There are 2 protein chains.
Amino acid sequence: MSEILAPELTWTGQRFESDVAVEVDDRGRIVGVGPRDMRPVRPLENRALLPGFVNAHSHAFQRALRGRGERFPSGEGSFWTWREAMYELVGSMDADRLFDHCRQAFGEMLRAGITSVGEFHYLHHEASGRGYALDQVVLEAAREVGIRLALLNTYYRTGGVQRPVTPAQKRFETVSPEAYWERMDALQGSLDPDSQSLGAVVHSIRAADLDEIRALHAEARARGLVFHMHVEEQQQEVLDCKQAYGKAPMALFLEQLEIDEGFTAVHCTFTDKEDLAAFVSRGGIVCLCPLTEANLADGVADLPRILAGRGRVSLGTDSNARISMLEEVRWLEYVQRLRRGKRGVVRDAQGRIGPNLLRCATEHGARSLGIEAGAISPGAWADFVTIDLESPQLEGFHSDTLLESLFLGAGRESLAEVCVGGRWRDLREPVS
Amino acid sequence: MSEILAPELTWTGQRFESDVAVEVDDRGRIVGVGPRDMRPVRPLENRALLPGFVNAHSHAFQRALRGRGERFPSGEGSFWTWREAMYELVGSMDADRLFDHCRQAFGEMLRAGITSVGEFHYLHHEASGRGYALDQVVLEAAREVGIRLALLNTYYRTGGVQRPVTPAQKRFETVSPEAYWERMDALQGSLDPDSQSLGAVVHSIRAADLDEIRALHAEARARGLVFHMHVEEQQQEVLDCKQAYGKAPMALFLEQLEIDEGFTAVHCTFTDKEDLAAFVSRGGIVCLCPLTEANLADGVADLPRILAGRGRVSLGTDSNARISMLEEVRWLEYVQRLRRGKRGVVRDAQGRIGPNLLRCATEHGARSLGIEAGAISPGAWADFVTIDLESPQLEGFHSDTLLESLFLGAGRESLAEVCVGGRWRDLREPVS
């Protein structure tokens, strides 16, 4: 039986429209978007319907660090001192704890209106062994919470550019591209086909040699899988790569890999402006994580350069120190305002910022993860988040500025329900 | 009848402690903080008790601009293009609309854990006349909502440095220091003594001549009133002042005024580092507004310089485009991390950031407004906000990192109740 949704307002790609209904089939897909006179409806009174938010970059287990790694007894800290705290957490992790942290993180994401997550997963092994038991834990936690998951399964063979893994990194280790693809084949059989998919990942230039990166990327393309990588989040990584290969990571990838829209580069904080322009001109997607990049004191990517090249930006909650897609989109624009002393950095041709911010939080994220989501259109999964039009935070809204009111002025309490593949959850009630 | 509160955890100034009870008398004041064996209790199970947040700088009516002034059809905007949108709003304001916007803004503040607000009020007149009807509207709205209010009543005689007010600014206009103090005397009689007080304000160096500023500041000190002013939010203001007086505004005030802790300078975005050091060394308080300063693309103040001089920072929601004290404190630290590439900028001698962030959001705000609040100690008003220790966002918290978990990782849904002068409100239910 299909279901007809009839929200007060529906986002149709460029604007909110009233009198638009959405038909969802019993497999959890959108099959029609059209006039509101379709058959019996699920009333969504005082609701505006958006595509569910897509979180393109998460390390769920780092949720356990919330509020920690935030003490600085020997003076100011950095990304690298934070990484020590993270490695310490890794040392204490077992399957049960990992399950709990994934359940916490994924549950919070749902409550924040996030219906899909790309879990950039590198914590493969239990302390005791070489097995990949922890991969299954992530898949199970996502199924239990009911969030759509792209398992971005991570290759990690070296502990720095052309260096062996350290003891702290042993639990991330993968041994060869061949073994990696065997593992990917095995994982494929463990997925819930209605809510889970795979993506290929090399952690960063620190985690594999160039020939491995080339082989892994080529195979990912041959298999039609998206490919993700941390790129130039920190200066040190750029310096190490230049020393080993004579070029910065992005320049190297542009020279050595067939970059297309299947490649998502995460952060690009220190990417050279010409490289960044070349990367997006080939279709590459840049994933930014404003809250984490601020928490870790990474810096601010050159977003105007990306937008000038009509590049796509997806968004990630990354370290999950805070999980709020509304705050991510708000600060995507705001850190640019602070850096440039100008307002409206992500504006479109009509001078609006809401639609572009929404695309980053939905459509571009879905493209980044290779999933059919991020838009309210036939064929896509029925993944939605609703706005409560009676929220005090939105009092006085107009439909043509509702997105800006939500993104710049509101918090989670203005979101009412989420829907993943046709399954609705009321955000006013506890989620799993 | 006094009431004994017995929260699971109580913030006692340096840490959370269990087994600490708080006694509140029937006038709404804290009269004792001590061991938990005091008489019958109001149980606050699964709650941590904090002083209510103090919002030291608000323009409530600007709440009506939420989501507006965010369209940029002719390219990037600035503070000054935003001000045009704000002046347009002012043009359309009457007493009823102002009341609604104040009620919305103050209600949202309460729901965000803010128990006191300093309303920097300059929209005095209705379109029709020279009366001060709109001052009363602000007082009434605050009483209806039940938030503590310091009416920072604003002097505004010139429309730019040594220029007449423009037609758009007519509704802000005050005519002379003498008339201003007459008006202040009249306002004094309109206050609710248990929840309302006055502060003196000159809008900025743009709004009065130096001799007026000197006279107004001296009289405010003589009356024991706090004195607030926008200082160096924009470069243009610094340039105009240098042209007229040969000095930047802060340098001029340091030379011409008796700066002490009664003086709160709002923003100080472009303040010279020596001036900033001198200002805080005399006790001056700097009020920062991280969300508004980002929204308006103002820039980032030199917080490390303020902290190095043991200066006090209070916080304000300013334009109220977004009302969240948790997000203000988080981004107070984060914009500094992005600017400096270092973490832990607001750390104290023990390397902690939570206690200093809390002081900015409470104690320093109360000092800025001249009110007896911002701490859980005898003599202070019984103004509190409670943390829901069962919030999923705080799952896994430890009491020694709870503040950091809340400030860096949580939203309003982790706050459970507020209390203003002994009057409790459940944040899970609609406020007013």
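The structure displayed is predicted, hence computed values, not measured ones. Quick note: numbers below take in every heavy atom, side chains included, and nothing from hydrogens, waters or symmetry partners. Per chain, numbering begins at 1; letters A, B, ... match sequence-line order.
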Using side-chain heavy atoms (C-beta onward) and a distance below 4.5 Å, is [X] in contact with [Y]?
{"X": "Leu307(B)", "Y": "Leu303(B)", "answer": "yes"}
{"X": "Gln234(A)", "Y": "Thr269(A)", "answer": "no"}
{"X": "Val385(A)", "Y": "Ile114(A)", "answer": "no"}
{"X": "Leu358(B)", "Y": "Leu403(B)", "answer": "yes"}
{"X": "Asp302(B)", "Y": "Thr271(B)", "answer": "no"}

Interchain contact, [X] with chain A, by part (heavy-atom threshold 4.5 Å):
{"X": "Gln350(B)", "value": "backbone"}
{"X": "Arg66(B)", "value": "both"}
{"X": "Pro290(B)", "value": "backbone"}
{"X": "Ala410(B)", "value": "backbone"}
{"X": "Val335(B)", "value": "side chain"}
{"X": "Arg340(B)", "value": "side chain"}
{"X": "Phe79(B)", "value": "backbone"}
{"X": "Gln393(B)", "value": "both"}
{"X": "Leu291(B)", "value": "both"}
{"X": "Leu296(B)", "value": "both"}

Problem - Region of Trp331(A) that comes under 4.5 Å of a non-hydrogen atom in chain B - result: side chain
Identify which of [options] forms the greatest number of heavy-atom pairs closer than 4.5 Å to chain A.
{"options": "Gln235(B), Arg337(B), His398(B)", "answer": "Arg337(B)"}
{"options": "Ser78(B), Ser74(B), Ala105(B), Ala349(B)", "answer": "Ser78(B)"}
{"options": "Pro392(B), Gly411(B), Gly299(B)", "answer": "Pro392(B)"}
{"options": "Leu65(B), Leu338(B), Asp348(B), Val345(B)", "answer": "Leu338(B)"}
{"options": "Gly75(B), Ala294(B), Gly396(B), Gly354(B)", "answer": "Ala294(B)"}

Exercise for the section: Show your reasoning for whether salt bridge (charged side-chain N to carboxylate O under 4.0 Å, His left out) applies to Arg352(B) and Glu404(B). Expected result: CA-CA 9 Å; Arg352(B) 301 178 304 171; Glu404(B) 289 78 11; over 6 Å; no
Completion exercise
From the list Arg103(B), Arg412(B), Arg322(B), Arg63(B), salt bridge (charged side-chain N to carboxylate O under 4.0 Å, His left out) partner of Glu108(B) resolves to Arg63(B)
Exercise for the section: Among Glu293(B), Glu70(B), Glu76(B), find the one that has a salt bridge (charged side-chain N to carboxylate O under 4.0 Å, His left out) with Arg343(A). Expected result: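 So, applying the salt bridge (charged side-chain N to carboxylate O under 4.0 Å, His left out) to Arg343(A) and each of Glu293(B), Glu70(B), Glu76(B), only Glu70(B) qualifies.
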Practice task
State, without any angle test, whether Gln62(A) and Ser319(A) hold a side-chain donor-acceptor pair at a distance under 3.5 Å.
Solution key: no
Exercise for the section: Considering only heavy atoms and a distance below 4.5 Å, find which of Gln104(A), Gln336(A), Arg339(A), Glu333(A) pairs most often with chain B. Expected result: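 Of the options given, most contacts go to Gln104(A).
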Practice task
Sort out for me which of Gly344(A), Gly77(A), Ser405(A) touches chain B most, counting heavy-atom pairs under 4.5 Å.
Solution key: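 Of Gly344(A), Gly77(A), Ser405(A), Gly77(A) has the most heavy-atom pairs under 4.5 Å with chain B.
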Practice task
Could you check whether the rings of Trp11(B) and Phe16(B) sit parallel, tilted or perpendicular, using 30° and 60° as the cut-offs?
Solution key: perpendicular
Problem - Short side-chain to backbone donor-acceptor contact, Glu233(A) and His267(A), under 3.5 Å - result: no
